[in-house]
Trainee: 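Structure in structure tokens, see below.
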Amino acid sequence: AEQASREAEAEAERRAEREAKAQRKTEGDAEAQRGADAEALREAGGTSDAAIRQRVESTWTRPAGIPDGLSALVAVRLGPGGIVLSVEVARSSGNAAFDRSAVTAVRRADPLPMPDDPDLAQPYREGIEMVFAPDA
């Protein structure tokens with residue numbers, strides 16, 4: 001009876017170790033998936049940012065007499081379907097005509113491409129800042 005009890009205890013310990021090992025693997029897999037998801041979000045966000053920048057710059061009309069190489073930081077907030085809710089200059093280029101042209105380009109590009117995934121779209125709804133530098 002004592003031998004059977006020791007064997008049962010040993011089997012219980014082996015089972016507990018297997019379960020703990022499986023739990024660690026599951027947690028590691030979940031952590032790896034979270035990392036992959038975060039990377040996918042960054043990549044998709046980068047793709048959306050590039051698509052937005054390309055769309056806005058394609059609608060831009062260079063004001064007369066504007067020197068090359070200017071850049072402005074514009075703050076943009078989007079609604080459902082990429083509708084431009086607001087756009088304003090967050091950091092001026094130092095040239096008022098260029099700044100106005102950046103804001104106008106964003107408004108002309110409305111609606112902007114926006115991710116379909118709600119998690120990816122959320123930052124755009126809260127507001128993003130975009131460097132407007134069409135000559136870069």
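As a basis for the values below, the full set of heavy atoms in this structure was taken, side chains included, without hydrogen atoms, waters or symmetry mates.
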Trainee: Same cluster or not: L73 versus L78, using hydrophobic residues (I, L, V, M, F, W, Y) connected whenever any side-chain heavy atoms lie under 4.5 Å apart?
Mentor: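 Unlinked, L73 and L78 end up in two clusters.
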Trainee: Compare every heavy atom of P63 with every heavy atom of S101, then report the nearest pair and how far apart it is.
Mentor: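 Reported closest heavy-atom pair: CB-CG, 3.6 Å.
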Trainee: Determine, step by step, whether T61 and R108 satisfy the side-chain contact (heavy atoms from CB on, under 4.5 Å) criterion, reporting the C-alpha distance in whole Å, the side-chain angles of both residues, the deciding distance to 0.1 Å, and the verdict.
Mentor: CA-CA 10 Å; T61 303; R108 279 188 192 146; 3.1 Å; yes
Trainee: Looking at OH of Y124 and CG of D49, how far apart are the two atoms once the value is rounded to the nearest 0.5 Å?
Mentor: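 So the OH of Y124 and the CG of D49 are separated by 3.5 Å.
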Trainee: With no hydrogens and no angle check, do the side chains of T59 and R107 hold a donor and an acceptor under 3.5 Å apart?
Mentor: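 Absent: no donor and acceptor within the cut-off.
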Trainee: For A72, does its backbone N or O pair with a side-chain atom of R91 as donor and acceptor, under 3.5 Å?
Mentor: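 Absent.
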Trainee: Measure the CG-CZ distance between N95 and R100 for me, rounded to the nearest 0.5 Å.
Mentor: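 These two atoms lie 8.0 Å from each other.
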Trainee: If you look only at pairs with a residue in residues 63-84, which of them pass as a ring-ring contact (aromatic ring centres under 6.0 Å, His included), with sequence neighbours excluded?
Mentor: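 Found none.
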Trainee: Specify the closest pair of heavy atoms between P111 and G81, including all atoms of both residues, with the distance to one decimal.
Mentor: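 The pair with the smallest heavy-atom distance is CB-O, 3.5 Å.
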Trainee: Check step by step if side-chain contact (heavy atoms from CB on, under 4.5 Å) holds for V76 and I52.
Mentor: CA-CA 11 Å; V76 181; I52 287 171; over 6 Å; no
Trainee: What ring-ring contact (aromatic ring centres under 6.0 Å, His included) pairs are there with at least one residue in residues 61-91, not counting sequence neighbours?
Mentor: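 The answer is none; no pair qualifies.
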Trainee: Do any pairs count as a ring-ring contact (aromatic ring centres under 6.0 Å, His included) and have a residue in residues 47-104, sequence neighbours left out, and if so which ones?
Mentor: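 Sorted pair list: W60-F98, W60-F132, F98-F132.
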Trainee: What pair of heavy atoms forms the shortest contact from R125 to G79, and how long is it?
Mentor: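 Closest approach of R125 to G79, heavy atoms only: NH2-C, 3.9 Å.
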Trainee: Quick one: does S58's side chain get under 4.5 Å of R53's, heavy atoms only?
Mentor: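 In short, these two side chains do not touch, never coming nearer than 4.5 Å.
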Trainee: Below 4.5 Å, heavy atoms only, C-beta onward: do L70 and P134 meet side chain to side chain?
Mentor: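 A side-chain contact under 4.5 Å is absent here.
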Trainee: Answer yes or no: is there a side-chain heavy-atom contact under 4.5 Å between P113 and R55?
Mentor: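 Result yes, sub-4.5 Å side-chain heavy-atom pair found.
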Trainee: Strictly distance-based, threshold 3.5 Å: is any side-chain N or O of R62 a donor or acceptor partner for the main-chain N or O of I66?
Mentor: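 Yes: the side chain of R62 pairs with the backbone of I66.
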Trainee: Does the D99 side chain pair with the main chain of S93, one donor and one acceptor, at a distance under 3.5 Å?
Mentor: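 Yes, the answer is positive, given that a donor and an acceptor are paired below the 3.5 Å cut-off.
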Trainee: Can you find a heavy atom in the side chain of V87 that is under 4.5 Å from one in the side chain of R77?
Mentor: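 The answer is no, as the side chains (C-beta and beyond) never meet within the 4.5 Å cut-off.
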Trainee: Would you find a donor on one side and an acceptor on the other, under 3.5 Å apart, between the side chain of D110 and the backbone of V84?
Mentor: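 Here the side-chain-to-backbone pair exists.
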Trainee: Can you check side-chain contact (heavy atoms from CB on, under 4.5 Å) on V56 and M130, steps first, answer last?
Mentor: CA-CA 10 Å; V56 169; M130 179 183 93; 3.9 Å; yes
Trainee: Could you check R6 against E9 for salt bridge (charged side-chain N to carboxylate O under 4.0 Å, His left out), going step by step and ending with a plain yes or no?
Mentor: CA-CA 5 Å; R6 278 197 300 267; E9 283 179 21; over 6 Å; no
Trainee: Test side-chain contact (heavy atoms from CB on, under 4.5 Å) on V74 and E129 and set out the steps.
Mentor: CA-CA 5 Å; V74 291; E129 290 187 335; over 6 Å; no
